[in-house]
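Below is one structure, written out as structure tokens; the observations come after it.
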Amino acid sequence: MTRAAVFGTGSWGTAYAAVLADGGTPVTMWGRRQAMVDQINAGSNEDYLPGIRLPEGIRATTDPVEAAADADIVVLAVPSQTLRANLAEWAHALPRRAAIVSLMKGVELGTTKRMSEVIAEAGGIEPGRIVVVSGPNLAKEIAQKQPAASVIACIDERIAEMVAEASNPPYFRPYTSGDVIGVELGGAVKNVIALAVGMAEGLGMGDNSKASIITRGLAETSRLGMKLGADPVTFSGLAGVGDLIATCMSPLSRNRTFGLNLGKGMTVDEVVAVTRQTAEGVKSCESILQLAHDHGVSVPIIEQVAAVVHDGRSPKEVVGALMLRALKNEAE
Ligand SMILES: NC(=O)C1=CN([C@@H]2O[C@H](COP(=O)(O)OP(=O)(O)OC[C@H]3O[C@@H](n4cnc5c(N)ncnc54)[C@H](OP(=O)(O)O)[C@@H]3O)[C@@H](O)[C@H]2O)C=CC1
Ligand SMILES: O=C(CO)COP(=O)(O)O
């Protein structure tokens, strides 16, 4: 029988543990807080998924070796910017043949590496067993067992298929892919675009404005992705436009909500103070912008989001910066 470990007891780590357990795969979770681990062992995670009863088949521990022992699949679900430091502590615990699955949607600050690259480098894992999961998967809806689809990507598609088989309860439909770069990039960039859409909403803009940001945001994602070697087809799929729509439209999105608060006039520090969960786009807008600059790719929306979040520009100011640019062909 396939066994899984999930490192991280936040909202998506816990919801994905439920996907695995409901799919018949027993799971041991690693959490850094004993109180959280005790709660999960008692059948719930009130901090992140209040009111949800977790399935049988999930247990938790604070010991990484115990969590990963005998696992065929090890799922990583911590904030992107802490992953490298976390792996330094966990690498010795990871089984040599297990698939290592990233649920994370960010790009590392400083190095501009995608999470699969950080896993390869800091965890010493061969790329052929590194898997990424990404799609329109708001954790709360998945934990409520609302039907959704996702993409599971690995350069060795047999490994992607193995993880998909283990992650297939009746309410979660994974599609496999070999395009690790595209699937990862779609997930990371949509968070930045959701910040922009949230800002537009906070400024009182309507659906034309938001649809324009979403669509041109997808153009930025595709341009950057293709330059990095992604398959353009990925961006019209679940990990591209699918996740972009879910995140930009949903009040459940932490990134969209972060942007909304900025658009309403709160400062970045004020929004950080009221944000309890991980809004990856806040840090990744900087690393994704760097990645785009390094590859000579034009990403005006991402640039303006970074200007608000990191350079103190106001959301209102950056609208002008976007709208008053020279006219050009849509396909460029
Ligand atoms: N939530 C969602 O709907 C989705 C999220 N994702 C992605 O999944 C990834 C994880 O997000 P999510 O679970 O939502 O995040 P949450 O903010 O809900 O949870 C973060 C988890 O990471 C732990 N953590 C925080 N800092 C550290 C650290 N320094 N070392 C070790 N563990 C740490 C937290 O522990 P503690 O509770 O002790 O602070 C918590 O268990 C992100 O990249 C996100 O973009 C992808 C799809 C859907
Ligand atoms: O990635 C997500 C949905 O697919 C969750 O988005 P947020 O991190 O903005 O909540």
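Just so you know, ligand 1 is whichever comes first in the structure, and atom 1 is the first atom listed for that ligand.
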Tell me, please, whether Y175 has R173 positioned over its six-membered ring: NZ or CZ under 6.0 Å from the ring centre and within 45 degrees of its axis?
yes
Return yes if a side-chain donor-acceptor contact under 3.5 Å exists between E280 and T278, otherwise no.
no
Every pair of nitrogen or oxygen atoms between ligand 1 and the protein that is under 3.5 angstrom apart - can you list them with their distances to 0.1 Å?
| residue | atom | partner | partner atom | Å |
| --- | --- | --- | --- | --- |
| ligand 1 | 1 (N) | S11 | OG | 3.3 |
| ligand 1 | 1 (N) | R254 | NH2 | 3.2 |
| ligand 1 | 3 (O) | A139 | N | 2.8 |
| ligand 1 | 8 (O) | L103 | O | 3.4 |
| ligand 1 | 13 (O) | S11 | N | 3.4 |
| ligand 1 | 13 (O) | W12 | N | 3.0 |
| ligand 1 | 14 (O) | S11 | OG | 3.0 |
| ligand 1 | 14 (O) | R254 | NH1 | 3.1 |
| ligand 1 | 14 (O) | R254 | NH2 | 3.0 |
| ligand 1 | 15 (O) | T278 | OG1 | 3.4 |
| ligand 1 | 17 (O) | T278 | N | 2.9 |
| ligand 1 | 17 (O) | T278 | OG1 | 2.7 |
| ligand 1 | 18 (O) | S11 | N | 2.9 |
| ligand 1 | 18 (O) | S11 | OG | 2.7 |
| ligand 1 | 26 (N) | R32 | NH2 | 3.4 |
| ligand 1 | 30 (N) | N86 | ND2 | 2.9 |
| ligand 1 | 35 (O) | R32 | NE | 3.4 |
| ligand 1 | 37 (O) | R33 | NH2 | 2.8 |
| ligand 1 | 37 (O) | Y48 | OH | 2.6 |
| ligand 1 | 38 (O) | R32 | NE | 2.9 |
| ligand 1 | 38 (O) | R33 | NE | 2.7 |
| ligand 1 | 39 (O) | R32 | NH2 | 2.8 |
| ligand 1 | 41 (O) | T9 | N | 3.1 |
| ligand 1 | 41 (O) | G10 | N | 2.9 |
| ligand 1 | 43 (O) | K105 | N | 3.0 |
| ligand 1 | 43 (O) | E280 | OE2 | 2.5 |

Decide, yes or no, whether a salt bridge links K105 with E184 under the criterion of side-chain N to carboxylate O below 4.0 Å.
no
Between OG on residue S80 and CZ on residue R114, distance to nearest 0.5 Å
12.5 Å
Residues E332 and K328 bridged, charged N to O under 4.0 Å:
no
If you draw a 6.0 Å radius around CZ in R158, do more than 12 non-hydrogen atoms from other residues or ligands fall strictly inside?
no
Min side-chain heavy-atom separation V6-W30 under 4.5 Å
no
Would you say NZ of K140 has more than 12 non-hydrogen atoms from neighbouring residues, nucleotides or ligands within 6.0 angstrom?
no
Go ahead and list the nitrogen or oxygen contacts between ligand 2 and the protein that come in under 3.5 Å, distances to 0.1 Å, or just say none.
| residue | atom | partner | partner atom | Å |
| --- | --- | --- | --- | --- |
| ligand 2 | 1 (O) | K105 | NZ | 2.9 |
| ligand 2 | 1 (O) | K190 | NZ | 2.6 |
| ligand 2 | 4 (O) | K105 | NZ | 2.9 |
| ligand 2 | 4 (O) | G135 | O | 3.0 |
| ligand 2 | 4 (O) | N137 | N | 3.0 |
| ligand 2 | 4 (O) | D243 | OD1 | 2.6 |
| ligand 2 | 6 (O) | K190 | NZ | 3.2 |
| ligand 2 | 8 (O) | R254 | NE | 3.2 |
| ligand 2 | 8 (O) | R254 | NH2 | 3.0 |
| ligand 2 | 8 (O) | N255 | ND2 | 3.3 |
| ligand 2 | 9 (O) | S253 | OG | 2.7 |
| ligand 2 | 9 (O) | R254 | N | 3.2 |
| ligand 2 | 9 (O) | N255 | N | 3.0 |
| ligand 2 | 9 (O) | N255 | ND2 | 2.8 |
| ligand 2 | 10 (O) | R254 | N | 2.8 |
| ligand 2 | 10 (O) | R254 | NE | 2.6 |

State whether a side-chain donor-acceptor pair under 3.5 Å links N137 with S150.
yes
